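To find a chain, count down the sequence lines: A is the first, B the second, and so on, and within it residues start at 1. Keep in mind that this is a model prediction, so the values were computed, not measured. These values consider heavy atoms only, across backbone and side chains, with no hydrogens, waters or symmetry-generated copies.
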2 protein chains.
Amino acid sequence: MNKILIVEDEDALRELIAFNLTKAGYDVIESENANDALIFIEEITPDLIILDIMMPGLKGTQLLQLLKRSPKFSHIPVIIISARSSESDIVEGLELGADDYITKPFSMKVLVAKIKILLRKKQEKTENIIEYKGIIVDLEKYKVFLNNKEITLTYKEFELLVFFLKHPKKVFSRSQLLSNIWGYDADIFTRTVDSHVSSLRKKLEDKGNLIKSLPKVGYVLD
Amino acid sequence: MNKILIVEDEDALRELIAFNLTKAGYDVIESENANDALIFIEEITPDLIILDIMMPGLKGTQLLQLLKRSPKFSHIPVIIISARSSESDIVEGLELGADDYITKPFSMKVLVAKIKILLRKKQEKTENIIEYKGIIVDLEKYKVFLNNKEITLTYKEFELLVFFLKHPKKVFSRSQLLSNIWGYDADIFTRTVDSHVSSLRKKLEDKGNLIKSLPKVGYVLD
DNA sequence: ATCATTTTTTACAATTTTATTACAAAAACA
DNA sequence: TGTTTTTGTAATAAAATTGTAAAAAATGAT
């Protein structure tokens, strides 16, 4: 189920939105300020954010900027809420990377429609991104992130990681890995796989031990 | 000057909008039904369309659908007008690809502000100038500037650069580049791409290393 | 046809990646 | 526990890939 974070300081409006989105079948998380929102985002990674850009404390625009600059969260679509009068806020928001906007007062049906459209768009994009326990792989850009830090892998290391990520918790023998990643036919004796696993683990730093070796069997990501 | 087509059957409202948009400096074309609108669109290709979705005859939604499915016109931003009561029309309109909406009755200031936002967005897309980290390409004049200094590229170098600029951060294999820029079908073995990348990098001087090579994968602009 | 320019190919150097090896460490086995 | 097998990994050798200058081929204008 899609998780939607609402960042809105006006209690009445926030609760109204929450009520309607829950009714529409979404999993709703409410935050009444941008600081708390950041914590929620870190913890639960919502699928979409509804953000009022006029708020006391950390400004909505600042939060937006923060999000759109982070590789981990930049893909989350953001709908900004703005007072009808302040068109300049909308322009600023859109320039910072907001995906859509809605002006107060607005109808809940329209909001839900916008959410549906954005979530659909997002899914198309997100298909090339794999995440597992803090490891993010962007298949299109050939990039790997540990939390927010990019690391550089060689081609085979990348392939190996992607293979594991695509089949988490599944055990593979060395010859299975050889045939799937290297395209070798036979159960040739070689230490190639071990060697690559070793260097991959090293580059994955603290996440390296997610690749476990099962003696006499093979390797698993777990 | 930007041409805006107003499709609205109520004379009073249409003329009111027309008056205000003219005052705001737009070139206004009025149409009182969707059928005529189609002809206008074909003939003058407006820069933006304001469309009432509740009209006799050919429905506004049908016109919208037609437009958004046509590759020739799908880029024209559409603002739909709807009675506040019929939210379902707005929802339908947004799903069909409308870019924004406004509910009756509305203030002309708000309408003009929305138009400004959409035209700005559109211009960014339609603009024949691409800029990326100090590299400016004028597609119309076939000119390239580094910072503000013009450099001369050959045809293929230019095409290659434009291709990269149109898909920044996306990785392309050599055969993808060959097929997209050269129009070659197969994964022919040739060093042509490398050779062009090399000379392009050289001409891009300090920006040359924006084109990165990913060993065993291809090239990216990043 | 000739000349200038652009594009492709070639050849070789430089770089990067990959596979192997060797030995240490850990695990399995008896 | 001692021995054997398996795994971890640094170092090195081998292979593959990439960079690029220069030659060859193609293109196009005069």
Nearest-Å distance for atom pair [atom1]/[atom2], residues [X] and [N]:
X: H196(A); N: dA11(D); atom1: NE2; atom2: C1'; value: 15 Å
X: K212(B); N: dG19(D); atom1: NZ; atom2: P; value: 13 Å
X: F172(A); N: dT7(D); atom1: CZ; atom2: P; value: 17 Å
X: R191(A); N: dA10(D); atom1: CZ; atom2: C1'; value: 13 Å
X: K203(A); N: dT9(D); atom1: NZ; atom2: C1'; value: 14 Å
X: R174(A); N: dA19(C); atom1: CZ; atom2: P; value: 15 Å
X: K156(B); N: dT27(D); atom1: NZ; atom2: C1'; value: 11 Å
X: F189(B); N: dT17(D); atom1: CZ; atom2: P; value: 9 Å

Taking the side chain of [X] as heavy atoms from C-beta outward, which of [options] is closest to it?
X: K216(B); options: dT20(C), dA16(D), dG8(D); result: dA16(D)
X: T154(A); options: dT18(C), dG19(D), dT7(D); result: dT18(C)
X: W182(B); options: dT9(D), dG19(D), dT8(C); result: dT8(C)
X: T192(B); options: dT8(C), dA11(C), dG8(D); result: dT8(C)

Report which part of the nucleic acid L214(B) touches: base, sugar-phosphate, or nothing (heavy-atom distance under 4.0 Å, all strands).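 Counting heavy atoms under 4.0 Å across all strands, the contact made by L214(B) is with sugar-phosphate only.
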Applying a 4.0 Å non-hydrogen cut-off, can you work out what F158(B) is touching in the nucleic acid: base, sugar-phosphate, or nothing? nothing
Donor/acceptor link under 3.5 angstrom from R201(A) side chain onto base of dG8(D):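 No, no donor-acceptor pair under 3.5 Å.
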On the side chain of S195(B), is there an atom forming a donor-acceptor pair with the base of dT9(C) - under 3.5 Å, no angle test?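 Check passes, donor-acceptor contact within cut-off.
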So, K3(A) and D47(A), do they make that salt bridge, N to O below 4.0 Å?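 Answer for the salt bridge query: no.
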Ionic contact status for K68(A) with D99(A), cut-off 4.0 Å: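 Result for this pair is yes, salt bridge flagged.
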Judged by nearest nucleotide, the residue sitting upstream toward the 5' end of DNA chain C, P215(B) or L153(B), is L153(B)
Is it the case that the ring center of Y142(A) lies less than 6.0 angstrom away from the ring center of Y155(A)?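 No, ring centres 6.0 Å or more apart.
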S31(B) vs L5(B), side chain to side chain contact (heavy atoms under 4.5 Å, CB included): CA-CA, chis, key distance, verdict: CA-CA 7 Å; S31(B) 169; L5(B) 172 66; 4.1 Å; yes
